[in-house]
Amino acid sequence: MKRRLFLCAGIALATLASTALAGQIPAKVDAPVTINYYNYNLASTGNGAAATKRLIAEFEAANPNVKVNGVGVPSSDISTRIQADVAAGHGPDIAQMVFSDLDFFVNNLGAVALEDVVPAEELSTHFEGMSPKGLKLGVYNGKTYGLAYTFSTPVLFYNADLFRKAGLDPDQPPQTWAEVKVAAKAIVDKTGQDGLATGIFGPSAGDWLFQGLIRSNNGDVLSSDRKKLTFADPAAVEAVSMLHDLYKAGVYSNLDLNAAMDGMAAGTVGMYLQTSAIQAYLVKGATGNFDLRATTMPRFGDKPVRPNNSGSALVIMSADPLKQRAAWELMKFMTSKHAYTVITSEIGYLPLRTDIVNDPQYLGNWVKEHPLVQPNLKQLDALEPWESFPGANYRQIAKAMMDGAEQAVFGGGDPAEALKAAQDTAQALMPASTN
(Lines give C-alpha, C1' and ligand atoms only; values in the text may rest on other atoms or scores of the structure.)
Protein backbone atom coordinates (compact mmCIF):
# COMPACT_ATOMS: atom_id res chain seq x y z
CA MET A 1 0.00 0.00 0.00
CA LYS A 2 2.84 2.40 0.89
CA ARG A 3 4.48 1.67 -2.47
CA ARG A 4 1.22 2.64 -4.26
CA LEU A 5 0.97 5.85 -2.26
CA PHE A 6 4.55 6.79 -3.11
CA LEU A 7 3.97 6.07 -6.80
CA CYS A 8 0.74 8.04 -6.89
CA ALA A 9 2.38 10.91 -5.02
CA GLY A 10 5.20 11.03 -7.55
CA ILE A 11 2.75 11.04 -10.46
CA ALA A 12 0.65 13.72 -8.76
CA LEU A 13 3.66 15.96 -8.16
CA ALA A 14 4.89 15.50 -11.72
CA THR A 15 1.42 16.37 -13.03
CA LEU A 16 1.12 19.47 -10.84
CA ALA A 17 4.55 20.66 -11.89
CA SER A 18 3.77 20.19 -15.56
CA THR A 19 0.57 22.24 -15.29
CA ALA A 20 2.60 25.11 -13.82
CA LEU A 21 4.83 25.33 -16.86
CA ALA A 22 2.26 27.17 -18.98
CA GLY A 23 3.65 30.52 -17.87
CA GLN A 24 6.75 31.96 -16.28
CA ILE A 25 7.04 32.89 -12.65
CA PRO A 26 6.02 36.40 -11.53
CA ALA A 27 8.66 39.10 -11.72
CA LYS A 28 8.96 39.36 -7.94
CA VAL A 29 7.56 38.07 -4.66
CA ASP A 30 4.89 40.71 -4.09
CA ALA A 31 2.98 38.93 -1.31
CA PRO A 32 3.99 37.06 1.87
CA VAL A 33 4.84 33.43 1.17
CA THR A 34 6.42 30.54 3.08
CA ILE A 35 8.53 27.94 1.28
CA ASN A 36 9.71 24.59 2.59
CA TYR A 37 13.42 24.05 1.97
CA TYR A 38 14.73 20.49 2.41
CA ASN A 39 18.46 20.71 3.02
CA TYR A 40 20.89 18.02 4.14
CA ASN A 41 23.46 20.45 5.53
CA LEU A 42 20.80 21.47 8.07
CA ALA A 43 20.77 17.85 9.23
CA SER A 44 24.51 17.86 9.95
CA THR A 45 26.11 18.39 13.34
CA GLY A 46 29.07 20.37 12.03
CA ASN A 47 29.66 23.75 10.45
CA GLY A 48 27.26 23.01 7.60
CA ALA A 49 24.14 23.53 9.68
CA ALA A 50 25.28 26.75 11.35
CA ALA A 51 26.46 28.35 8.10
CA THR A 52 23.30 27.34 6.24
CA LYS A 53 21.04 28.71 8.96
CA ARG A 54 22.89 32.00 8.90
CA LEU A 55 22.59 32.26 5.10
CA ILE A 56 18.85 31.56 5.29
CA ALA A 57 18.47 34.28 7.93
CA GLU A 58 20.36 36.74 5.72
CA PHE A 59 18.13 35.84 2.78
CA GLU A 60 14.96 36.40 4.82
CA ALA A 61 16.24 39.79 5.99
CA ALA A 62 16.82 40.82 2.38
CA ASN A 63 13.50 39.34 1.21
CA PRO A 64 10.92 40.26 3.88
CA ASN A 65 8.02 38.68 1.96
CA VAL A 66 9.64 35.25 2.03
CA LYS A 67 9.72 32.95 5.04
CA VAL A 68 11.97 29.92 4.63
CA ASN A 69 11.05 26.82 6.58
CA GLY A 70 14.36 24.95 6.63
CA VAL A 71 13.94 21.18 7.06
CA GLY A 72 17.03 19.12 7.80
CA VAL A 73 16.97 15.79 5.95
CA PRO A 74 20.00 13.46 5.59
CA SER A 75 21.21 13.27 1.99
CA SER A 76 20.45 9.55 1.74
CA ASP A 77 16.81 10.16 2.74
CA ILE A 78 15.88 13.15 0.55
CA SER A 79 14.00 11.31 -2.21
CA THR A 80 12.12 8.93 0.08
CA ARG A 81 11.24 11.78 2.46
CA ILE A 82 9.82 13.80 -0.44
CA GLN A 83 7.72 10.84 -1.56
CA ALA A 84 6.34 10.35 1.92
CA ASP A 85 5.63 14.04 2.52
CA VAL A 86 3.92 14.49 -0.84
CA ALA A 87 1.70 11.53 0.00
CA ALA A 88 0.87 13.30 3.26
CA GLY A 89 0.11 16.53 1.42
CA HIS A 90 3.12 18.68 2.34
CA GLY A 91 6.17 18.34 0.12
CA PRO A 92 9.10 20.73 -0.33
CA ASP A 93 9.07 23.80 -2.56
CA ILE A 94 12.85 23.65 -3.01
CA ALA A 95 15.22 20.80 -2.18
CA GLN A 96 18.94 20.10 -1.99
CA MET A 97 19.29 17.06 -4.24
CA VAL A 98 22.20 14.62 -4.35
CA PHE A 99 23.31 14.40 -7.99
CA SER A 100 22.82 10.63 -8.13
CA ASP A 101 19.09 11.28 -7.56
CA LEU A 102 18.73 13.50 -10.66
CA ASP A 103 16.99 10.99 -12.93
CA PHE A 104 14.53 10.04 -10.18
CA PHE A 105 13.76 13.66 -9.28
CA VAL A 106 12.99 14.50 -12.90
CA ASN A 107 10.98 11.43 -13.84
CA ASN A 108 9.32 10.54 -10.53
CA LEU A 109 9.18 13.57 -8.27
CA GLY A 110 8.23 16.38 -10.64
CA ALA A 111 11.37 18.51 -10.50
CA VAL A 112 10.92 21.75 -12.45
CA ALA A 113 13.32 22.75 -15.24
CA LEU A 114 14.60 26.28 -14.66
CA GLU A 115 14.32 27.08 -18.37
CA ASP A 116 10.55 26.39 -18.17
CA VAL A 117 9.79 28.95 -15.46
CA VAL A 118 12.63 31.49 -15.22
CA PRO A 119 12.98 34.16 -17.94
CA ALA A 120 15.90 33.27 -20.21
CA GLU A 121 17.71 36.59 -19.73
CA GLU A 122 17.44 36.35 -15.94
CA LEU A 123 18.72 32.79 -16.01
CA SER A 124 21.70 33.59 -18.21
CA THR A 125 22.56 36.63 -16.08
CA HIS A 126 22.73 34.50 -12.93
CA PHE A 127 24.77 31.82 -14.69
CA GLU A 128 27.47 34.34 -15.63
CA GLY A 129 30.68 33.68 -13.71
CA MET A 130 29.68 30.14 -12.69
CA SER A 131 31.83 27.17 -13.64
CA PRO A 132 30.58 25.81 -17.00
CA LYS A 133 31.46 22.28 -15.90
CA GLY A 134 29.53 22.81 -12.69
CA LEU A 135 26.43 24.09 -14.47
CA LYS A 136 26.30 20.95 -16.62
CA LEU A 137 26.01 18.72 -13.57
CA GLY A 138 22.29 19.36 -13.11
CA VAL A 139 21.32 19.22 -16.80
CA TYR A 140 18.98 16.43 -17.90
CA ASN A 141 17.71 16.10 -21.48
CA GLY A 142 19.06 19.54 -22.29
CA LYS A 143 17.40 21.43 -19.42
CA THR A 144 18.67 22.57 -16.02
CA TYR A 145 16.65 20.77 -13.36
CA GLY A 146 19.31 21.12 -10.68
CA LEU A 147 21.42 24.22 -10.08
CA ALA A 148 24.78 22.95 -8.83
CA TYR A 149 25.18 24.06 -5.22
CA THR A 150 27.52 22.33 -2.76
CA PHE A 151 30.00 19.85 -4.14
CA SER A 152 33.60 18.75 -4.10
CA THR A 153 36.05 16.62 -6.05
CA PRO A 154 38.26 13.72 -4.92
CA VAL A 155 41.74 14.70 -3.76
CA LEU A 156 44.67 12.71 -2.44
CA PHE A 157 45.52 13.93 1.05
CA TYR A 158 48.95 12.86 2.27
CA ASN A 159 51.12 13.02 5.36
CA ALA A 160 54.33 14.82 4.40
CA ASP A 161 56.05 13.71 7.63
CA LEU A 162 55.46 10.03 6.82
CA PHE A 163 56.75 10.69 3.31
CA ARG A 164 59.99 12.05 4.74
CA LYS A 165 60.38 9.10 7.13
CA ALA A 166 59.85 6.74 4.20
CA GLY A 167 62.53 8.48 2.15
CA LEU A 168 60.00 10.10 -0.19
CA ASP A 169 59.94 13.70 -1.38
CA PRO A 170 56.75 15.37 -0.09
CA ASP A 171 57.20 18.12 -2.68
CA GLN A 172 56.75 15.49 -5.40
CA PRO A 173 53.58 13.58 -4.43
CA PRO A 174 52.34 10.66 -6.54
CA GLN A 175 50.49 11.64 -9.71
CA THR A 176 49.75 8.15 -11.05
CA TRP A 177 48.46 4.97 -9.45
CA ALA A 178 51.80 3.28 -10.18
CA GLU A 179 53.53 6.02 -8.19
CA VAL A 180 50.96 5.64 -5.41
CA LYS A 181 51.88 1.96 -5.10
CA VAL A 182 55.59 2.75 -4.82
CA ALA A 183 55.00 5.46 -2.21
CA ALA A 184 52.54 3.37 -0.20
CA LYS A 185 54.94 0.43 -0.07
CA ALA A 186 57.76 2.67 1.16
CA ILE A 187 55.51 4.05 3.91
CA VAL A 188 54.42 0.58 5.02
CA ASP A 189 57.94 -0.88 4.94
CA LYS A 190 59.79 2.02 6.57
CA THR A 191 57.25 3.49 9.01
CA GLY A 192 54.90 0.61 9.80
CA GLN A 193 51.88 2.83 9.13
CA ASP A 194 49.10 2.33 6.59
CA GLY A 195 50.20 3.33 3.10
CA LEU A 196 46.88 4.11 1.44
CA ALA A 197 43.21 4.33 2.34
CA THR A 198 40.28 5.57 0.25
CA GLY A 199 36.68 6.62 0.67
CA ILE A 200 35.53 4.49 -2.27
CA PHE A 201 33.86 1.71 -0.29
CA GLY A 202 31.56 1.46 2.70
CA PRO A 203 27.82 1.72 3.49
CA SER A 204 27.80 5.52 3.36
CA ALA A 205 30.39 6.00 0.61
CA GLY A 206 28.01 6.13 -2.33
CA ASP A 207 29.37 5.53 -5.83
CA TRP A 208 30.64 8.98 -6.82
CA LEU A 209 34.31 8.34 -6.15
CA PHE A 210 34.12 4.92 -7.79
CA GLN A 211 32.65 6.48 -10.93
CA GLY A 212 35.55 8.93 -11.18
CA LEU A 213 38.03 6.08 -10.81
CA ILE A 214 36.43 4.12 -13.67
CA ARG A 215 36.16 7.17 -15.94
CA SER A 216 39.82 8.03 -15.36
CA ASN A 217 40.70 4.73 -17.02
CA ASN A 218 38.42 5.66 -19.95
CA GLY A 219 35.65 3.40 -18.69
CA ASP A 220 32.11 4.15 -17.58
CA VAL A 221 29.32 2.67 -15.51
CA LEU A 222 26.40 3.25 -17.89
CA SER A 223 26.04 3.30 -21.68
CA SER A 224 25.39 6.62 -23.41
CA ASP A 225 21.82 5.60 -24.23
CA ARG A 226 21.27 4.84 -20.51
CA LYS A 227 20.12 1.30 -21.23
CA LYS A 228 23.06 -0.92 -20.34
CA LEU A 229 25.37 -1.03 -17.35
CA THR A 230 29.04 -1.07 -18.29
CA PHE A 231 30.97 -1.34 -15.04
CA ALA A 232 32.09 -4.87 -15.98
CA ASP A 233 33.61 -3.74 -19.29
CA PRO A 234 37.40 -4.19 -19.73
CA ALA A 235 38.39 -0.61 -18.84
CA ALA A 236 36.40 -0.74 -15.61
CA VAL A 237 37.76 -4.19 -14.73
CA GLU A 238 41.30 -2.90 -15.27
CA ALA A 239 40.71 0.01 -12.88
CA VAL A 240 39.23 -2.20 -10.18
CA SER A 241 41.99 -4.77 -10.67
CA MET A 242 44.51 -2.01 -9.95
CA LEU A 243 42.93 -1.52 -6.50
CA HIS A 244 42.85 -5.30 -6.02
CA ASP A 245 46.59 -5.39 -6.78
CA LEU A 246 47.28 -2.65 -4.22
CA TYR A 247 45.33 -4.61 -1.61
CA LYS A 248 47.16 -7.88 -2.38
CA ALA A 249 50.47 -6.03 -2.15
CA GLY A 250 49.60 -5.00 1.41
CA VAL A 251 49.67 -1.26 0.74
CA TYR A 252 45.93 -0.51 0.49
CA SER A 253 44.15 -0.86 3.82
CA ASN A 254 40.54 -2.07 3.93
CA LEU A 255 39.46 0.52 6.52
CA ASP A 256 35.88 1.67 6.89
CA LEU A 257 35.14 5.34 6.24
CA ASN A 258 35.35 6.49 9.84
CA ALA A 259 38.52 4.53 10.59
CA ALA A 260 40.22 5.80 7.44
CA MET A 261 39.29 9.41 8.09
CA ASP A 262 40.29 9.19 11.75
CA GLY A 263 43.56 7.50 10.82
CA MET A 264 44.42 10.23 8.34
CA ALA A 265 43.56 12.92 10.89
CA ALA A 266 45.67 11.16 13.52
CA GLY A 267 48.71 10.82 11.25
CA THR A 268 48.69 7.00 10.96
CA VAL A 269 47.75 6.85 7.26
CA GLY A 270 50.17 7.95 4.56
CA MET A 271 47.67 8.79 1.80
CA TYR A 272 43.90 9.12 1.72
CA LEU A 273 41.77 9.55 -1.41
CA GLN A 274 38.51 11.19 -0.40
CA THR A 275 36.22 14.16 -0.92
CA SER A 276 37.81 17.52 -0.38
CA ALA A 277 34.85 18.36 1.87
CA ILE A 278 36.60 16.63 4.80
CA GLN A 279 39.51 19.06 4.62
CA ALA A 280 38.49 21.00 7.73
CA TYR A 281 38.31 17.80 9.80
CA LEU A 282 41.75 16.63 8.65
CA VAL A 283 43.30 20.06 9.19
CA LYS A 284 42.00 20.11 12.75
CA GLY A 285 43.69 16.78 13.49
CA ALA A 286 46.92 17.64 11.71
CA THR A 287 47.47 21.11 13.15
CA GLY A 288 50.45 20.99 15.49
CA ASN A 289 50.88 17.23 14.88
CA PHE A 290 52.00 16.65 11.30
CA ASP A 291 52.36 18.26 7.89
CA LEU A 292 49.12 17.63 5.97
CA ARG A 293 49.17 18.21 2.22
CA ALA A 294 46.99 17.41 -0.79
CA THR A 295 47.31 16.71 -4.49
CA THR A 296 44.97 15.78 -7.33
CA MET A 297 43.34 12.40 -7.85
CA PRO A 298 45.90 9.92 -9.28
CA ARG A 299 45.69 9.09 -12.98
CA PHE A 300 46.20 5.86 -14.91
CA GLY A 301 49.50 6.30 -16.77
CA ASP A 302 49.17 9.09 -19.31
CA LYS A 303 45.37 9.08 -19.30
CA PRO A 304 43.86 12.32 -17.99
CA VAL A 305 42.09 12.27 -14.65
CA ARG A 306 38.31 12.48 -15.14
CA PRO A 307 36.95 13.14 -11.66
CA ASN A 308 33.28 13.55 -10.98
CA ASN A 309 31.78 15.40 -8.08
CA SER A 310 30.14 14.53 -4.85
CA GLY A 311 27.53 16.92 -3.52
CA SER A 312 24.28 18.50 -4.49
CA ALA A 313 22.10 20.77 -6.59
CA LEU A 314 19.14 22.96 -5.69
CA VAL A 315 15.86 21.91 -7.30
CA ILE A 316 12.49 23.67 -7.50
CA MET A 317 9.72 21.26 -6.53
CA SER A 318 6.71 23.56 -6.17
CA ALA A 319 3.97 23.94 -8.80
CA ASP A 320 2.83 27.29 -7.39
CA PRO A 321 4.22 30.25 -9.44
CA LEU A 322 4.67 32.54 -6.42
CA LYS A 323 6.52 29.84 -4.48
CA GLN A 324 8.57 29.06 -7.58
CA ARG A 325 9.68 32.70 -7.69
CA ALA A 326 10.51 32.62 -3.98
CA ALA A 327 12.44 29.37 -4.46
CA TRP A 328 14.35 30.88 -7.41
CA GLU A 329 15.25 33.93 -5.32
CA LEU A 330 16.57 31.61 -2.60
CA MET A 331 18.49 29.64 -5.24
CA LYS A 332 20.12 32.81 -6.55
CA PHE A 333 21.10 33.93 -3.06
CA MET A 334 22.52 30.54 -2.05
CA THR A 335 24.67 30.46 -5.22
CA SER A 336 25.83 34.09 -5.02
CA LYS A 337 29.41 35.28 -4.51
CA HIS A 338 28.69 36.02 -0.86
CA ALA A 339 27.10 32.63 -0.21
CA TYR A 340 29.93 30.74 -1.87
CA THR A 341 32.44 32.63 0.23
CA VAL A 342 30.67 31.28 3.32
CA ILE A 343 30.10 27.81 1.85
CA THR A 344 33.75 27.35 0.88
CA SER A 345 35.45 28.91 3.89
CA GLU A 346 33.11 27.59 6.59
CA ILE A 347 31.67 24.32 5.24
CA GLY A 348 34.42 23.19 2.86
CA TYR A 349 32.78 22.88 -0.55
CA LEU A 350 34.03 24.26 -3.84
CA PRO A 351 32.99 27.73 -4.99
CA LEU A 352 31.12 27.39 -8.28
CA ARG A 353 31.87 31.05 -8.88
CA THR A 354 35.55 30.71 -9.63
CA ASP A 355 36.02 34.46 -10.10
CA ILE A 356 35.85 34.94 -6.31
CA VAL A 357 38.89 32.71 -5.67
CA ASN A 358 41.40 35.51 -6.19
CA ASP A 359 39.16 38.39 -5.14
CA PRO A 360 40.17 39.72 -1.69
CA GLN A 361 36.58 40.89 -1.17
CA TYR A 362 35.54 37.24 -1.14
CA LEU A 363 37.88 34.21 -1.01
CA GLY A 364 41.19 35.74 -2.10
CA ASN A 365 42.80 35.99 1.33
CA TRP A 366 41.27 32.71 2.58
CA VAL A 367 42.65 30.73 -0.38
CA LYS A 368 46.15 32.11 0.26
CA GLU A 369 45.93 30.86 3.85
CA HIS A 370 44.48 27.45 2.87
CA PRO A 371 46.62 25.95 0.07
CA LEU A 372 44.96 22.53 0.44
CA VAL A 373 42.05 23.81 -1.64
CA GLN A 374 44.21 24.22 -4.76
CA PRO A 375 44.00 20.60 -6.09
CA ASN A 376 40.24 20.80 -5.69
CA LEU A 377 40.04 24.05 -7.65
CA LYS A 378 42.36 22.65 -10.33
CA GLN A 379 40.04 19.69 -10.94
CA LEU A 380 37.05 21.92 -11.68
CA ASP A 381 38.28 22.15 -15.27
CA ALA A 382 38.16 18.36 -15.66
CA LEU A 383 34.92 17.75 -13.78
CA GLU A 384 32.39 15.28 -15.20
CA PRO A 385 28.82 14.61 -14.01
CA TRP A 386 27.98 12.04 -11.36
CA GLU A 387 25.92 9.49 -13.32
CA SER A 388 22.41 8.93 -11.99
CA PHE A 389 21.00 5.49 -12.80
CA PRO A 390 17.56 5.32 -14.42
CA GLY A 391 14.36 3.98 -12.89
CA ALA A 392 12.88 3.55 -9.46
CA ASN A 393 15.55 0.97 -8.50
CA TYR A 394 18.45 3.38 -9.04
CA ARG A 395 19.76 3.06 -5.49
CA GLN A 396 19.61 -0.74 -5.56
CA ILE A 397 21.53 -0.66 -8.86
CA ALA A 398 24.26 1.49 -7.31
CA LYS A 399 24.43 -0.77 -4.26
CA ALA A 400 24.76 -3.92 -6.37
CA MET A 401 27.57 -2.25 -8.32
CA MET A 402 29.44 -1.15 -5.22
CA ASP A 403 28.99 -4.49 -3.45
CA GLY A 404 30.42 -6.23 -6.50
CA ALA A 405 33.32 -3.80 -6.77
CA GLU A 406 34.15 -4.19 -3.09
CA GLN A 407 34.17 -7.97 -3.48
CA ALA A 408 36.37 -7.61 -6.56
CA VAL A 409 38.93 -5.53 -4.66
CA PHE A 410 39.02 -7.20 -1.27
CA GLY A 411 37.76 -10.69 -2.09
CA GLY A 412 39.92 -13.61 -3.09
CA GLY A 413 38.35 -14.25 -6.48
CA ASP A 414 38.79 -12.87 -9.96
CA PRO A 415 37.80 -9.18 -10.20
CA ALA A 416 36.33 -9.61 -13.69
CA GLU A 417 34.06 -12.42 -12.52
CA ALA A 418 32.92 -10.47 -9.45
CA LEU A 419 32.06 -7.40 -11.52
CA LYS A 420 30.27 -9.47 -14.17
CA ALA A 421 28.10 -11.18 -11.54
CA ALA A 422 27.27 -7.81 -9.96
CA GLN A 423 26.44 -6.26 -13.33
CA ASP A 424 24.09 -9.12 -14.22
CA THR A 425 22.27 -8.60 -10.91
CA ALA A 426 22.11 -4.83 -11.36
CA GLN A 427 20.99 -4.99 -15.01
CA ALA A 428 17.93 -6.96 -13.93
CA LEU A 429 16.98 -3.96 -11.75
CA MET A 430 17.07 -1.53 -14.67
CA PRO A 431 13.75 -0.27 -16.13
CA ALA A 432 11.96 -2.91 -18.19
CA SER A 433 12.43 -0.91 -21.38
CA THR A 434 16.22 -1.23 -21.07
CA ASN A 435 16.35 -5.02 -20.71
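Along the sequence shown, residues carry numbers from 1.
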*Polar side-chain atom of E417 near backbone of A408 as donor-acceptor pair, under 3.5 Å*: no

_Heavy-atom pair of closest approach, residues Y37 and Q96_ = CE1-N, 4.5 Å

*Which distance, rounded to the nearest 0.5 Å, do you find between the CD of E128 and the CG of D355?*
10.5 Å

_Applying the side-chain contact (heavy atoms from CB on, under 4.5 Å) criterion to P174, which one of K181, E179, R299 satisfies it?_
E179

*Please check if any side-chain donor atom of E329 sits under 3.5 Å from a side-chain acceptor atom of N63, or the reverse.*
no

*Would a distance-only check, ignoring hydrogens and angles, find a side-chain to backbone donor-acceptor pair under 3.5 Å from N107 to D103?*
yes

_Flag for E58-H338: side-chain donor and acceptor within less than 3.5 Å_ = yes

*Specify whether H126 and W328 have parallel, tilted or perpendicular ring planes, treating 30° as the upper limit for parallel and 60° as the lower limit for perpendicular.*
perpendicular

*Is there side-chain contact between Y158 and I187, with at least one heavy-atom pair below 4.5 Å?*
no

*Given F300 and L213, is the side-chain contact (heavy atoms from CB on, under 4.5 Å) satisfied, shown in steps?*
CA-CA 9 Å; F300 288 86; L213 178 83; 3.9 Å; yes

*Does T150 offer a backbone N or O that forms a donor-acceptor pair with the side chain of Y340 under 3.5 Å?*
no

*With sequence neighbours left out, write down each residue that passes salt bridge (charged side-chain N to carboxylate O under 4.0 Å, His left out) with D207, or none if nothing qualifies.*
none

*Do W386 and L102 come close enough that some side-chain heavy atom pair is under 4.5 Å?*
no

_Consider salt bridge (Lys or Arg N to Asp or Glu O under 4.0 Å). Of D171, D161, D169, which one does R293 pass it with?_
D171

*Could you tell me whether the side chain of E60 and the main chain of V68 form a donor-acceptor pair under 3.5 Å?*
yes

*asked:* If you define the side chain from C-beta out and look only at heavy atoms, does anything of R164 sit under 4.5 Å from D291?
replied: yes

*Between the side chain of E346 and the main-chain N/O of A51, is any donor-acceptor distance below 3.5 Å?*
no

*For the pair Y140 and Y145, name the ring-plane relationship: parallel under 30°, tilted 30 to 60°, perpendicular over 60°.*
perpendicular

*Which atom names give the shortest non-hydrogen contact between F333 and A339, and what distance separates them?*
O-CB, 3.1 Å

*Aromatic rings F99 and F151: how do their planes relate, parallel, tilted or perpendicular, breaks at 30° and 60°?*
perpendicular

*N36 and I94: side-chain contact (heavy atoms from CB on, under 4.5 Å), yes or no, with the steps?*
CA-CA 6 Å; N36 293 323; I94 177 174; over 6 Å; no

_Enclosure of K332 NZ (heavy-atom neighbours >12, cutoff 6.0 Å)_ = yes

*With no hydrogens and no angle check, do the side chains of Q379 and T296 hold a donor and an acceptor under 3.5 Å apart?*
no

*Would you mind telling me which of R306, K136, K133 makes a salt bridge (Lys or Arg N to Asp or Glu O under 4.0 Å) with E384?*
R306

_Side-chain donor or acceptor of D233 paired with backbone N/O of A235 under 3.5 Å_ = no

*Any donor-acceptor pair under 3.5 Å from T52 side chain to A49 backbone*: no

*Nearest 0.5 Å please: distance from the CG atom of L147 over to the CG atom of L352.*
7.5 Å

*Of the non-hydrogen atoms in I397 and P390, which two are nearest, and what is the gap between them?*
CD1-O, 3.9 Å

*Which word best sums up how the rings of F410 and Y252 line up, parallel for under 30°, tilted for 30 to 60°, or perpendicular for over 60°?*
tilted

*Does K143 have any salt bridge (charged side-chain N to carboxylate O under 4.0 Å, His left out) partners at least two apart in sequence or in another chain, and if so, which?*
D116

*Taking atom CZ of F157 and atom CG of L273, what is their separation to the nearest 0.5 Å?*
9.5 Å

*Roughly how far, to the nearest 0.5 Å, is the OG1 atom of T198 from the CG atom of L209?*
6.0 Å

*Does S100 reach the main-chain N or O of S388 with its side chain, forming a donor-acceptor pair under 3.5 Å?*
no

*Indicate whether any N or O donor in one side chain lies under 3.5 Å from an N or O acceptor in the other, for D262 and Y281.*
yes

*Distance from E406 atom CD to N254 atom CG, nearest 0.5 Å?*
6.5 Å

*Hey, are the side chains of V71 and R81 touching, using non-hydrogen atoms and a 4.5 Å cut-off?*
yes

_Residue pair Y394, D101: steps toward the side chain to side chain donor-acceptor pair (under 3.5 Å) verdict_ = CA-CA 8 Å; Y394 70 106; D101 292 352; 3.0 Å; yes

_Please give me the minimum heavy-atom distance between P298 and T176, naming the atom from each residue._
CB-C, 3.9 Å

*Between the side chain of D256 and the main-chain N/O of N258, is any donor-acceptor distance below 3.5 Å?*
yes

*Any chance you could lay out the side-chain contact (heavy atoms from CB on, under 4.5 Å) test for M317 and V86, step after step, and finish with the verdict?*
CA-CA 11 Å; M317 306 299 297; V86 168; over 6 Å; no

*Find out whether R215 and D220 are in side-chain contact, i.e. whether some heavy atom of one side chain is under 4.5 Å from a heavy atom of the other.*
yes

*Where is the tightest heavy-atom contact between P154 and W208, given as atom of each residue plus distance?*
CD-CZ3, 3.5 Å

*asked:* Do V373 and V357 have side chains that approach each other closer than 4.5 Å (heavy atoms only, starting at C-beta)?
replied: no

*asked:* Side chains of T230 and S223: any donor to acceptor distance under 3.5 Å?
replied: no

*Of all heavy-atom pairs between P173 and F163, which one has the smallest distance, and what is that distance?*
CA-CE2, 4.4 Å

*With a 4.5 Å heavy-atom cut-off, do I343 and L55 have their side chains touching?*
yes

*Between the side chain of E387 and the main-chain N/O of V221, is any donor-acceptor distance below 3.5 Å?*
no

*Decide yes or no for I78 and F105: does some side-chain heavy atom of the first lie under 4.5 Å from some side-chain heavy atom of the second?*
yes

*With distance as the sole criterion, is a donor-acceptor pair present between the side chains of S276 and T153 under 3.5 Å?*
no

_Let me confirm one number: the OH-CG distance from Y149 to L314, rounded to the nearest 0.5 Å._
6.0 Å

_Under the criterion side-chain contact (heavy atoms from CB on, under 4.5 Å), I'd like the reasoning laid out for N159 against L292: C-alpha separation, chi angles, the key distance, then a yes or no._
CA-CA 5 Å; N159 185 325; L292 176 69; over 6 Å; no

